Amino acid sequence: MLKDKVAVITGSVRGIGRAIAMCFAKQGANVVINYSSEKRKEEADQVVTEIKALGGKAIALCANVANSEEAKGLIEGTIAAFGKIDILVNNAGITKDMLLLRMTEKEFQEVLDVNLKGVFNCSKHGAKAMMKTGGSIINMTSVVGINGNAGQSNYAASKAGVIGFTKSVAKEFAGKNIRVNAIAPGFITTDMTDILPERVKESVMTSIPMKCFGVSEEIANVAVFLASDLSSYITGEVIKVDGGMAM
Ligand code: NAP
C-alpha cells in the first residue's frame, strides 16, 4: 500500500513509532527512523537492520524534534537519502505528569516543546518539502487531549494543541494535496504507560468498554490507512483508537 513512498516517523526507536516504522516498511515504504540523542543510536541501527532484513530500505537520523534546526536537518537528511518525502508521522512525545499546584514551569515547558512545538517544527519543514508532490502528515495526539486527565495538564494541553494544529494546517494545505490528520490513542502498552503504578492501570481499565489495553500495531494499522490512498478524501480528521474509552 505504500510502495516506494518515503516516510519519516519521529521517535521511532521504540513503542508506537517503531511499530509504525515496521508496518510502513512491510507495506513497501522507504523509512527514516528518528531518535532524539546519540545514546539511542545503537537501538536505532537495530530497527534499520530489522527493516533491511525484511527487504526494505531504511536509515536512522538523530534529531531532537523540539529543536527547529535539528527538525530541519531531519527533513533535509531524508531528501538527501531518498530524494523526496511523502509521509511524515509526528509521533515523538513525552510525559511529565504532576498535579497543577506542584507542576514546575520546566515540566510544563518541556512537554509543550516536544509534543507541540516538535509537531510544528517537523510539519513546517516537512510540508515545504511536500509542496510539489503532495503527501500525508499524521500527528499523534491522545484521548487525553480530548477529555483531559488529572495530573496531565501539560500533556493534555500539548495534545489538544496538536488537534487544533492538525485542523488548521489541514485547511492550509488541502489545495496542495497534502492531507493532515491525527490519531488519538487511548491506553497503549509501551514504555510510556509501563511506568504507571498498577492502581492507575486498574483504574484506567475500568474506563475502557473493550476491557483491554491496546498494542502499538493497532495504532500502526490506522497510520498505514491515513498514509495510503485508502484515505485519499480524509483530511483534518482525528481518529480515536481507544477501545471505546473516549466515547
Ligand atoms: P514511548 O514508548 O515513550 O516512545 C516515545 C518516543 O518518542 C521514543 O522513541 C522517544 O525517542 C521519542 N522522543 C521523545 N522525545 C523526543 C524528542 N525530543 N525528539 C525526538 N524523539 C523524541 O511512547 P509511546 O507510547 O510509543 O508514544 C508515542 C506517541 O503516542 C507519543 O506522542 C504519545 O504521546 C502518544 N500516545 C501514547 C499513548 C500510550 O498509551 N502509549 C496514548 C496516547 C498517545 P528517544 O527514546 O530517542 O527519546
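Since the structure is predicted, the reported quantities are computational estimates derived from the model, not experimental observations. These numbers come from the heavy atoms of this one structure, side chains and all, not from hydrogens, waters or symmetry mates. For ligands, and for the atoms within them, numbers begin at 1 and follow the listed sequence.
Every heavy atom of G214 sits 4.0 Å or more from the atoms of ligand 1. Using a non-hydrogen distance threshold of 4.0 Å, T10 does not register as a contact of ligand 1. In this structure, E70 does not count as a contact residue of ligand 1, since none of its heavy atoms falls inside 4.0 Å of the ligand.
At a heavy-atom distance under 4.0 Å, only backbone atoms of A63 (N, CA, C or O) approach ligand 1.
The backbone N or O of L61 sits less than 3.5 Å from a side-chain atom of N34, completing a donor-acceptor pair.
In summary, the side chains of N90 and S123 do present a donor paired with an acceptor at a separation below 3.5 Å, with no hydrogens or angles considered.
Considering both main-chain and side-chain atoms, S37 never comes within under 3.5 Å of ligand 1 through any nitrogen or oxygen pair. At a 3.5 angstrom cut-off on N or O pairs, Y35 does not count as close to ligand 1.
Across the listed options V65, N139, T190, V65 owns the non-hydrogen atom lying nearest to atom 19 (N) of ligand 1. In this comparison of I219, I16, I188, the heavy atom closest to atom 37 (C) of ligand 1 sits on I16.
Heavy-atom proximity to G93, at under 4.0 Å, picks out these atoms of ligand 1: 5 (C), 7 (O), 14 (C), 31 (C), 32 (O). Set against the non-hydrogen atoms of S142, the atoms of ligand 1 under 4.0 Å away are 43 (C), 44 (C).
Ion pairing between a basic and an acidic side chain is recognised when a charged N comes within 4.0 Å of a carboxylate O; E110 and K117 show no such pairing.
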